[in-house]
Amino acid sequence: MDRLVVRGGRPLSGTVEISGAKNAVLPLMTAALMVDGETTLKRVPNLKDTRTMIRLLDIVGAGVSFDAGEMSIDGSTVNNLEAPYDLVKTMRASFYVLGPLLARFGKVRVSLPGGCAWGPRPVDFHLKGLEKLGAKITLEGGYILAEADRLKGNKICFDFPSVGATGNIVMAGVLAKGETVIENAAREPEIVQLCEALNTMGAKIDGIRTDKIIIEGVDQLHSADLDVIPDRIEAGTYLIAGAAMGDITLNYCNPKHLEVLIEKLIQAGAKIDTSENSISIKKANSINPTDVTTEVYPGFPTDLQAQWIVLMAIATGSSVVTDTVYHDRFTHIPELNRLGANIKLRDNIAIINGVDHLIGAPVMSTDIRASASLILGAIMAKGQTDISRVYHIDRGYESIEKKFQALGVDIVRKND
Ligand code: EPZ
């Protein structure tokens with residue numbers, strides 16, 4: 001099993017190219033299942049999760065080729081309408097096949113995704129939304145069976161602006177008969193790209209970028225060539241590293257997707273310059289304690305909560321980080337305290353008392369973004385840190401040790 005070995009305390013300098021967004025490419029891949037033809041995607045990141053989604057598309061019969069960031073998906077050969085448990089349990093985003101396959105074929109069987117490292121991840125909004133569109137949903141042996149001769153447009157209002165449920169219902173709605181209105185829809189850039197991509201494929205979606213999405217169903221979609229947007233969470237991770245240790249520039253990123261993080265980094269003392277698709281950051285002489293509360297987009301992303309906590313671990317005072325999206329996403333805290341951080345947790349609120357510096361130690365990854373926070377901690381710490389279970393990080397960060405090596409970090413991957 002791979003581990004990363006980091007000798008910390010060195011300054012960062014140089015440039016890093018941000019990859020295509022994991023959370024944009026996964027629904028775009030399943031949207032291609034709705035096309036009786038070929039869809040091509042550019043700037044696809046080579047991640048464990050994209051490889052898992054390729055395996056899933058292979059299982060349902062779509063032809064997939066992927067080389068040097070370019071992917072083509074042929075939806076004309078889809079012949080198996082089932083997403084198996086042993087694959088769905090490794091990646092919740094597999095659930096994104098539900099809407100597309102149901103909308104195009106009228107039947108689909110998908111394993112329930114189960115929980116994840118930090119707790120239950122229900123899918124009730126997805127299922128209630130599909131039932132509103134006329135689907136018959138039954139649960140058998142841990143699998144969801146969804147059937148509908150033809151989905152019919154309807155009005156759906158989410159209790160919470162769920163990213164995944166918005167994606168699934170939008171994809172189902174584009175081939176439903178009549179109009180679908182989604183109230184309290186997610187507005188994340190990845191959902192915006194999905195809607196814009198579907199319109200390029202012949203869908204009729206209005207209200208994109210708003211919390212009220214209006215869809216006029218069509219009979220079929222057609223092929224398209226799509227460019228995946230930059231990964232704002234990968235970019236935010238490198239920006240936080242720069243705020244702690246360096247003077248770095250990020251290329252191929254979109255500062256507009258990171259406005260709240262940039263504001264918080266400036267409050268914490270970093271110097272930031274932006275252009276249309278790059279961001280430069282210079283570390284602060286000392287880091288101001290800066291409270292954060294995560295919110296749905298355009299608020300501070302929950303996917304950067306762990307990384308922000310690490311930065312606050314060496315601030316010149318105490319700060320508070322509250323996660324309102326996932327109340328139990330804090331498995332990284334005991335590991336960060338092993339690096340000498342002084343963090344206490346009360347429900348979904350972390351209280352971080354800044355220390356002068358972190359000290360290297362063996363630590364264990366628990367999920368994608370927790371692993372990223374451990375790498376940031378290791379880079380900031382004096383001494384050596386061994387990070388185990390690195391498969392978590394490989395799910396969501398392309399070539400992370402190579403990108404950090406190019407920024408001057410002493411980091412190597414070891415395979416024990
Ligand atoms: C997406 O997950 C992202 N994953 C997550 O990123 C991200 O943390 C999350 O959105 C929030 O921004 C992908 O896009 C592949 P949600 P998703 O549905 O769609 C509750 C990463 O690190 N909920 O917006 O699963 C849910 O429990 C990953 O890249 C229900 O109660 O998130 C949570 O509290 C981790 N019922 C809240 O809504 C439902 O049916 C937000 O979840 C669905 C969600």
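Whatever order the structure lists ligands and atoms in, that order sets their numbers, starting from 1. Keep in mind the model is a prediction, meaning the values are calculated, not measured.
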[atom] [closest protein heavy-atom partner, distance rounded to 0.1 Å]:
| atom | answer |
| --- | --- |
| atom 18 (O) of ligand 1 | S162 OG, 2.7 Å |
| atom 15 (C) of ligand 1 | N23 OD1, 3.3 Å |
| atom 34 (O) of ligand 1 | V325 O, 2.8 Å |
| atom 26 (C) of ligand 1 | Y326 CE2, 4.1 Å |
| atom 2 (O) of ligand 1 | R121 NH2, 3.6 Å |
| atom 43 (C) of ligand 1 | P122 O, 3.4 Å |

**Report entry** Sole residue of V16, N277, L258 in side chain to side chain contact (heavy atoms under 4.5 Å, CB included) with L250
**Finding:** V16
Query raised in the report: Any ion pair linking R3 and D386 (charged N to carboxylate O, less than 4.0 Å)?
Result: yes
Query raised in the report: Do the charged groups of K414 and E401 touch, with an N to O distance under 4.0 Å?
Result: no
Flag [X] as yes when one of its N or O atoms lies below 3.5 Å from any N or O atom of ligand 1, and as no otherwise.
| X | result |
| --- | --- |
| T302 | no |
| V163 | yes |
| D303 | yes |
| E188 | no |

For ligand 1, which part of [X] has a heavy atom less than 4.0 Å away: the side chain, the backbone, both, or neither?
| X | value |
| --- | --- |
| Y297 | neither |
| A165 | neither |
| R329 | side chain |
| E190 | neither |
| H126 | both |
| F125 | both |
| V296 | neither |

Query - T290 vs M312 side-chain heavy atoms within contact, under 4.5 Å - result: yes
Query raised in the report: Hey, which of K403, R395, K22, R369 is the one that makes salt bridge (Lys or Arg N to Asp or Glu O under 4.0 Å) with E234?
Result: K403
Query - Modelled atom types, side-chain donor and acceptor of S318 and N353, under 3.5 Å - result: yes
Between [X] (side chain) and [Y] (backbone), is there a donor-acceptor pair under 3.5 Å?
| X | Y | answer |
| --- | --- | --- |
| K107 | L145 | no |
| Q193 | I229 | yes |
| K177 | G217 | no |
| D231 | S19 | no |

For ligand 1, which atoms, with element, lie under 4.0 Å from some heavy atom of [X]?
| X | value |
| --- | --- |
| D124 | 30 (C), 31 (O), 36 (N), 39 (C), 40 (O) |
| G164 | 18 (O), 19 (O) |
| V123 | 39 (C), 40 (O) |
| K22 | 21 (C), 29 (O) |
| F160 | 37 (C), 38 (O), 41 (C) |

Query raised in the report: What class does the angle between the rings of F125 and F158 fall in, given that below 30° is parallel, 30 to 60° is tilted and above 60° is perpendicular?
Result: tilted
Query raised in the report: Parallel, tilted or perpendicular: which fits the ring planes of Y238 and F404, with parallel below 30° and perpendicular above 60°?
Result: tilted
**Report entry** Identity of the nearest option to atom 21 (C) of ligand 1, non-hydrogen atoms only, from M91, R369, R92, Q305
**Finding:** R369
Report task. Nearest 0.5 Å please: distance from the CZ atom of R232 over to the OG1 atom of T237. Result -> 11.0 Å
Query - Sole residue of T294, D303, D323, N348 in side chain to side chain donor-acceptor pair (under 3.5 Å) with R329 - result: D303
